[in-house]
Amino acid sequence: LKPPPLSVPMILVGPGTGIAPLRAFLQDRQLWASRGAAVSPSVLFCGCRDRTKDFYFADEWCGMVESGVLREVVLATSREGSPKKYVQDAI
């Protein structure tokens, strides 16, 4: 799967079934941005059960928000609190 051009913003949805492909798209944009390319910001919707146990790459996402590659990370946790919050609810 080929990522869209850097000028196209991305809305990425990881419903809790695997974040690696989305991470690769964002890492590619991070690399281009570090080389001075203009990169449109993206939004990541991501699901997990509990942010303290399985919110993978949280530090990396925060770094991408700080650098402008990600505009926002929207986290849906299905086992924290009540009612449960899923990715489709966050969208």
Side-chain angles (χ1 to χ4, degrees):
L1 184 62
K2 186 177 177 183
L6 298 175
S7 60
V8 176
M10 293 190 297
I11 298 173
L12 304 165
V13 180
T17 58
I19 199 77
L22 308 180
R23 182 180 179 218
F25 285 148
L26 291 167
Q27 286 175 331
D28 182 63
R29 288 191 170 208
Q30 183 81 28
L31 177 65
W32 282 106
S34 72
R35 293 179 178 172
V39 176
S40 290
S42 301
V43 176
L44 174 64
F45 289 89
C46 142
C48 66
R49 289 171 295 210
D50 184 314
R51 80 182 71 233
T52 62
K53 296 178 183 173
D54 57 358
F55 180 35
Y56 301 119
F57 314 114
D59 293 338
E60 191 170 343
W61 305 138
C62 289
M64 289 182 184
V65 169
E66 289 173 6
S67 72
V69 170
L70 269 173
R71 176 171 291 154
E72 182 180 5
V73 177
V74 180
L75 180 63
T77 54
S78 62
R79 301 298 183 266
E80 289 180 15
S82 182
K84 295 178 180 181
K85 184 178 177 186
Y86 295 99
V87 171
Q88 61 265 31
D89 301 321
I91 293 173

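Here, residue 1 is the first one in the sequence, and each next residue gets the next number.
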Out of curiosity, Arg71 CZ to Ile11 CD1, how far, rounded to the nearest 0.5 Å? 10.0 Å
Side chains of [X] and [Y]: does their closest heavy-atom pair fall under 4.5 Å?
X	Y	value
Phe57	Leu44	no
Leu22	Met10	no
Met64	Arg29	no
Cys46	Phe55	yes

Heavy-atom donor-acceptor pair, Trp61 side chain to Tyr56 backbone, under 3.5 Å: yes
Has Asp89 got a side-chain atom pairing as donor or acceptor with Tyr86's backbone, closer than 3.5 angstrom? yes
Closest non-hydrogen atom pair between [X] and [Y], with its separation:
X	Y	result
Pro41	Pro9	O-CB, 3.4 Å
Leu75	Cys48	CD1-SG, 3.7 Å
Lys84	Ser78	CG-O, 3.0 Å

same_hphob_cluster([X], [Y]) at 4.5 Å side-chain heavy-atom cutoff:
X	Y	answer
Val39	Leu26	no
Leu12	Val69	yes
Phe25	Val87	no

Sort and list the pairs that fulfil side-chain hydrogen bond (donor to acceptor under 3.5 Å, both in side chains) and have at least one residue in residues 40-51, not counting sequence neighbours. Arg49-Asp54, Asp50-Thr52, Arg51-Glu80
